[in-house]
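Both ligands and their constituent atoms are indexed starting at 1 by order of listing. Because the structure is a prediction, the values reported are computed rather than measured.
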Amino acid sequence: MAVAAELVVKNARLLVTMDDRRREIAGGWISVTGGRVQAMGEAGSEPEAVRVIDASGCLVTPGLINTHHHIYQNLTRSFPPATQHNLFGWLSTLYPIWANIDEEASYLAAWIGFAELALGGCTTTMDHMYVHPAGAGDLITAEITAAKELGMRFHATRGSMSRSKKDGGLPPDEVVQDNDTILAESERLVGAHHDPTSHAMVQVALAPCSPFSVTPDLMKATAALAERLDVRLHTHLAEDVDEDTYCLDVYGCRPLEYFEDVGWGSDRSWVAHCVYPNAAEIAKMAEWGTGVAHCPSSNQMIGAGLAPIREFRDAGVPVGLGCDGSSSTDSASLWMETRNALLLGRLRGGPEAMQAREALEIATLGGAQCLGREGVLGLLAPGTAADIVVWGLEGVQFAGAWSDPVEALLRCGPNAAKYTIIAGKVVVDDGRLVSPDVEDRLTRHEAVSRRLQGLALS
Ligand SMILES: [Zn+2]
């Protein structure tokens, strides 16, 4: 007799695999052992399992993947002096506050951020941590500690800023570092935490912040270091019209030309936002294989504009989703980002420009491409990572949605995960975080957040 699986999710109203054949199995089941998908099939052929989750009435999908975030920003959410501004004004208001973060702040922000993401159906997230004030400690190892505690699959990125106001950049002096410090820390963190194996729970990428906060020398040196260490590269690019103006004034070229000049045009890179590339630049990105982290909520909240997702996809540019920083979007639900990608795609290109299945594909397969995890994350097939979300499609908000559960998932709602399973472990169980520590972490997070914002404790 076959050995029992560790976990079986069965009776799915629909199991969406996102595999090469885009199989969708009505009434399907999926079994998991050793953190990997073991098998799947139609009702009646389920194996024995240590734990069985009954997904009756539910949609089962691969876990959603977050390709752009700044988790520490959940310490300064909806902060009034910053809420009125465009990107540059918003950043300039918040940099001095972020100059006071430390390891405890980074750990608590990450813990709460990962919990929020898991509740929203996210099973893999990156984080772009680019503020490293002097004496703040090891902010990235603090995040990795939180990811391990909660069981989140995590792509940490060693962000950096080296061009402060005195050198014509946007950030103040106290949050930037010199190139030698940045490169040495980048190499140390890759050595300490990066797992290059196919089913890794922690990887590390290198991520200078943006054209207006980093020097070209650092961009070039970081690309060379990433090549030597064989890790990925990430940055913000072409987010805002001010960035076009800045690059033309300072570098004498457009952001994408600058990106190419400093040696980043490659399939090792994925970039956040990318709202303002022209047609020739989109074609180049496709040629390079450079991915885009589409941030639909953030682009709306900051008022940055409508990214050319249809053109990217048609050209073959990998596109994933990002919730972006918790104080630009002010929320971190990948369900909501997927819905917003659907809505913005249709707003920009008409009702035929984006459907729910394509939005879901961006949130899963596209995210895996951006993070260099194709074939392991973002799809459910024997041997892939057992990162699975069970979505309830019940209650008043789903009444009447009987014909197509995938369209229903994103057109109806709001919704959150009923079960979030990461590497075969149940992290969200019947809508609740499994970890008992959430109240403690929330209390500690509030104390740090109030201190940063200059508010008294409640
Ligand atoms: Zn960002």
Just one of Leu360, Leu321, Thr123 clears the side chain to side chain contact (heavy atoms under 4.5 Å, CB included) bar with Leu64, so which one?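 Answer to the side chain to side chain contact (heavy atoms under 4.5 Å, CB included) test with Leu64 among Leu360, Leu321, Thr123: Leu360.
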
Under 2.8 Å from the Zn ion (ligand 1), is there an N/O/S atom belonging to [X]?
X: His236; answer: yes
X: His68; answer: yes
X: His69; answer: no

Less than 6.0 angstrom separating the ring centers of His155 and His68, yes or no?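 No, they do not, as the ring centres are separated by 6.0 Å or more.
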
Less than 6.0 angstrom separating the ring centers of His128 and His69, yes or no?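 No, too far apart.
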
For Asp324, what is the atom name of its N, O or S atom nearest to the Zn ion (ligand 1)?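 Closest to the Zn ion (ligand 1) among those atoms: OD1.
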
Describe, in one word, how the ring planes of Trp98 and Trp90 are oriented to each other, choosing from parallel (under 30°), tilted (30 to 60°) and perpendicular (over 60°).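 If you compare the ring of Trp98 with that of Trp90, the planes turn out perpendicular.
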
